[in-house]
Amino acid sequence: MSQYAPRDSAQRQRLTALEAIVKSSSHIPSPSSSSSSSSSSSSSSTIPPHPSPYNLLKECGFSEASLVGSNHAISLSPTKLLNVSTASISSLLSPAFAFSSSSSSSSSSPPPSPILPPNYTQILASRTSSLSSLSAELSTFSSLRDLLALSLDSVSQIKSRTSLASSSVSLLSNDCDRLRTEYKDLVDHKEGFERVVEFYENIEKAGKVLGVSKKDLDNVCALSSSSSSSSSSSAPTAAEKSKNKNEDDNLPPLPTVQDSHVACQIGGPPYLQTLSLLSSSHNFFSPSGPGALYHDSASYRIKASWMTGVMCVLMKQAFEKRIEGVGEAMKATNVENGGVIKAETLDASVIYTKFHGISTSSNGLYSALKDQASKNPQRVTEQRFRFDYEGLANECKTCYADARLSLLRPIVQKHVGELGTKFGLVGMTRVGSVFLARLCRNETKLWCSFFGESESESETLRNLLFKLCEILHSTVRKGLVKVVDLDMLAQIVSVLREEAGPAAAAATASSQTLSLVIGDAQERLIFVSTTQLKKTVTSFKPTKQTASYPEIIMTAASKLKTAVEENDVESQAELAYSGWYPPLKSTLSILSKLYRVVEMSVFDDFAMGAVKDCAESLKRGKEFVEGLDGELFLIKHLLLLREQLIPFDIQLRSTSKTLDFTQTGAAFARFMTTSKLQLFDLSLSTNSLIGLGTGVVGTVKEEEVDGRGELEEELKNICNIFISRVSGLLVGGLEEGKEEVKGCLERVEEKKRDVVEKMAVYLDEETMVILFNPIKRKSIKIVEDVQKRKGGEGEDVCVDDFERLLQKLRE
């Protein structure tokens, strides 16, 4: 039995009704009648709703796939749907009604009529109406589907056309970009061509500005090419030299350019612009430039180089003419005024106003030359002609410096001479240094307006200022040679150092000139001091009058006492040092004048020699003083010398260097005794010539000299001598056995009093106590030794006498 066979009678009845609907499908009413029928049936309550065949099939248990075979049932027409349904129903009903077919075929009796519900007609009408409405909806949907298909076709066509248009636009854009690039390349090529042509035109225009014809420029190129070809051969023969000389003689000379030929003002903006364009053209056509491969680049480079040099030479000449013109006008003005300009009005004179008037234009000329010198430092264009741009700029400076020097030298010379006549050497030095410092500042300011350089940056300006300051230097130097007064020389040095103090930090010509003058003055001061020291100290010969001590000291003390009583201050100052030995006074006086005036290292060396010479002179003077006065004389003056050296704050130390040639004689002796064969010995250690060369050379010996220590040693020695002499005077007879204790006891008090009185003349009380204490100790020791010696020898010793003698010595 088939799986689609009806399961009950109700299902069988529905299938039978569906089959009847299929058979009568050709008589389906129109949609209007269906709708009316539907409305009527819907209005009748007894007639049930008539389902569509499709719904009937689904109610019978058929699926959509079994009814239509696919999911496209919506696209079938009603007729096709009915046909499909009929076929499906027939296949489904065939098993169910097989018995009726077989019975009819066998018995040939008519089939039984189907069992239909009583309201079959109404149901069928309702179902037919639903089917008609479904058919109308399907028709509407089919028309919408066709319209949608047309719309999709239109969209597809529009899309294809859009794609075609996009590709066409892309091709047009690429073509536009290509055309734009080609246009830009053409524009760049045109501009580059114009720039190249401009370099050629710059050279032609420069020739017109200078008034040089094309033929003259071609001659320049011919001369350059001839010189370059002749210089290419490394070692020409005589015939070649003669040939080259003849060819050079046949060549035309270089063109001459006068400033009157120039079409514009030399140094003006058009002239400087032409010079700048020529320089750029030369760089363009240079071997390393971008135009080196262009047509006639070498000849145009030569033309540009030659005209650049000519223009620079013309600017240099114009600069010199301006300076020389103003200088000649100043000299003419001075002649008309009857002499040189006064130094008091120099700052506001025409010497500065006229030059300031041409400083701006002259600075433009110099700046252009300096610019060319920086771009082309000493560039040699060709063998036949060369232009040293740095040299041209320096010639401008030299011309200016010579003009200023010729104008200012007479003024400075006259002013310095008047100062010397009016104020003397010291006043001239002070006022002249101030005048020159102001003059140097004014000249530096004027130089800066011309050349834009300071004194530290220009050697020419320094030389100019040095020459002006040299006038004061030479004048002061001539005056210093005639001065022999130490006070005046020391005053001159002090004035110069005071004036040079503010300008010492800046290395200006005025400060350096003052330093030279100070050096000369100090040198003259040292020379005069040395001469005076030699005359008054080293070569001083004592006499009885100069060495009549203690009378000199006593006379000076008496006069000083009288001056104090009379309250004569000036006499007191003079008499305070009147008792001093003349060499000591001269030494201290010279040192006091040199102190803080010369360099401390120089002063220390000079003081050391002076102290040594003074000590030697004092020792020579001691020989002319008799008795104890000689030792006391030397002690007093050595103490004074040591005391007076304390304020100078000097070390009195130096290093003496000497050459020792003690080995020279021994080297010659060894050389004479060696064999002749050793003269040519290859060994360095045994060759006699090498030994002689190394042995002959002297050695340098350095020795530390302590002047203060030597002075202390001299003072110590003379004090020891004085102590020994006084001790011998007091108890020397007792020690030698020439005198007994009683005799010594009777005279020791008197001798002691005489010694103290002599010491009081030369020394102060404190020094006397310090010096007399060792005398007491030495005398007491001598007495005690004599007492012990006599007691040990068994002699009669009066202990009381010895004790009294010792007591007197201790007092």
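Hydrogens, waters and symmetry mates are skipped; everything else that's a heavy atom, side chains included, is used. Residue numbers count from 1 along this sequence.
Shown here are the side-chain hydrogen bond (donor to acceptor under 3.5 Å, both in side chains) partners of R438, two or more places apart in sequence or in another chain: D347. With sequence neighbours excluded, no residue forms a side-chain hydrogen bond (donor to acceptor under 3.5 Å, both in side chains) with D485. Every residue meeting the side chain to side chain contact (heavy atoms under 4.5 Å, CB included) condition with E320, not counting sequence neighbours, appears here in chain and number order: K316, E324, E395, C399. Residues satisfying the side chain to side chain contact (heavy atoms under 4.5 Å, CB included) test with K622, not counting sequence neighbours, are E631, F633, L634, I718. Contacts of R642 classified as side-chain hydrogen bond (donor to acceptor under 3.5 Å, both in side chains), with partners at least two apart in sequence or in another chain: E712. With sequence neighbours excluded, the residues that form a salt bridge (Lys or Arg N to Asp or Glu O under 4.0 Å) with K370 are E390. Listed by chain and residue number, nothing satisfies the side-chain hydrogen bond (donor to acceptor under 3.5 Å, both in side chains) test with R524 (two or more places apart in sequence, or in another chain). For Y366, the ring pair (Phe, Tyr, Trp, His ring centres under 6.0 Å) partners are F451, not counting sequence neighbours. R430 meets the side chain to side chain contact (heavy atoms under 4.5 Å, CB included) test with V495, E498, E499; sequence neighbours excluded. Applying the ring pair (Phe, Tyr, Trp, His ring centres under 6.0 Å) rule to Y595 yields the partners F603, F648; only residues at least two apart in sequence or on another chain are considered. With sequence neighbours left out, the side chain to side chain contact (heavy atoms under 4.5 Å, CB included) criterion links K559 to T555, L575.
Environment of CD in E765: sparse, with no more than 12 heavy atoms of neighbouring residues, nucleotides or ligands closer than 6.0 Å.
Between the H637 side chain and the W580 main chain, no donor and acceptor come within less than 3.5 Å of each other. At least one donor-acceptor pair closer than 3.5 Å links the side chain of N717 to the backbone N or O of E713. Here the side chain of S589 pairs no donor or acceptor atom with the backbone of K585 at under 3.5 angstrom. At distances below 3.5 Å, not a single donor-acceptor pair connects side-chain atoms of S586 with backbone N or O atoms of P583. A donor-acceptor contact shorter than 3.5 Å is absent between the side chain of S558 and the backbone of M554. T546 places no side-chain N or O within donor-acceptor distance of the main-chain N or O of P542, the cut-off being under 3.5 Å. A donor-acceptor pair is defined here as one N or O able to donate and one able to accept, closer than 3.5 Å; such a pair exists between the side chain of S539 and the backbone of K534.
Donor-acceptor pairing under 3.5 Å is recorded for the side chains of D629 and Y762.
Using cut-offs of 30° and 60° for the angle between ring planes, the H415 and F435 rings count as tilted. Using cut-offs of 30° and 60° on the angle between ring planes, the pair Y400 and F450 is tilted.
When side chains are defined from C-beta on, L489 does not count as touching V597, because their heavy atoms never get closer than 4.5 Å.
Here the CE-CG distance, from M608 to L711, works out to 11.0 Å after rounding to the nearest 0.5 Å. To the nearest 0.5 Å, atom OG1 of residue T513 and atom CG of residue L465 are 8.5 Å apart. Atom-to-atom distance recorded for L425:CG and I492:CD1 is 3.5 Å, nearest 0.5 angstrom. Distance CG/L514 to CG/L472: 7.0 Å, rounded to 0.5 Å. The distance from atom CG of L468 to atom SG of C440, rounded to the nearest 0.5 Å, is 7.0 Å. Rounding to the nearest 0.5 Å places CG of L588 at 8.0 Å from CG of L640.
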side-chain contact (heavy atoms from CB on, under 4.5 Å) between M759 and F722, intermediate numbers included | CA-CA 11 Å; M759 291 177 65; F722 178 75; 3.8 Å; yes
I would like to know whether K397 and E459 meet salt bridge (Lys or Arg N to Asp or Glu O under 4.0 Å); could you show each step before the answer?
-> CA-CA 10 Å; K397 294 181 180 179; E459 183 69 24; over 6 Å; no
Begin with the C-alpha distance, continue with both residues' side-chain angles, and end with the deciding distance and a verdict on side-chain contact (heavy atoms from CB on, under 4.5 Å) for L369 and F319.
-> CA-CA 11 Å; L369 288 175; F319 185 93; 5.9 Å; no
Which is it for Y577 and L584 under the side-chain contact (heavy atoms from CB on, under 4.5 Å) test, yes or no, and what are the steps along the way?
-> CA-CA 10 Å; Y577 309 102; L584 177 63; over 6 Å; no
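Screening residues 604-620 for side chain to side chain donor-acceptor pair (under 3.5 Å), with sequence neighbours left out, gives T538-D613, E616-K619, K619-E714.
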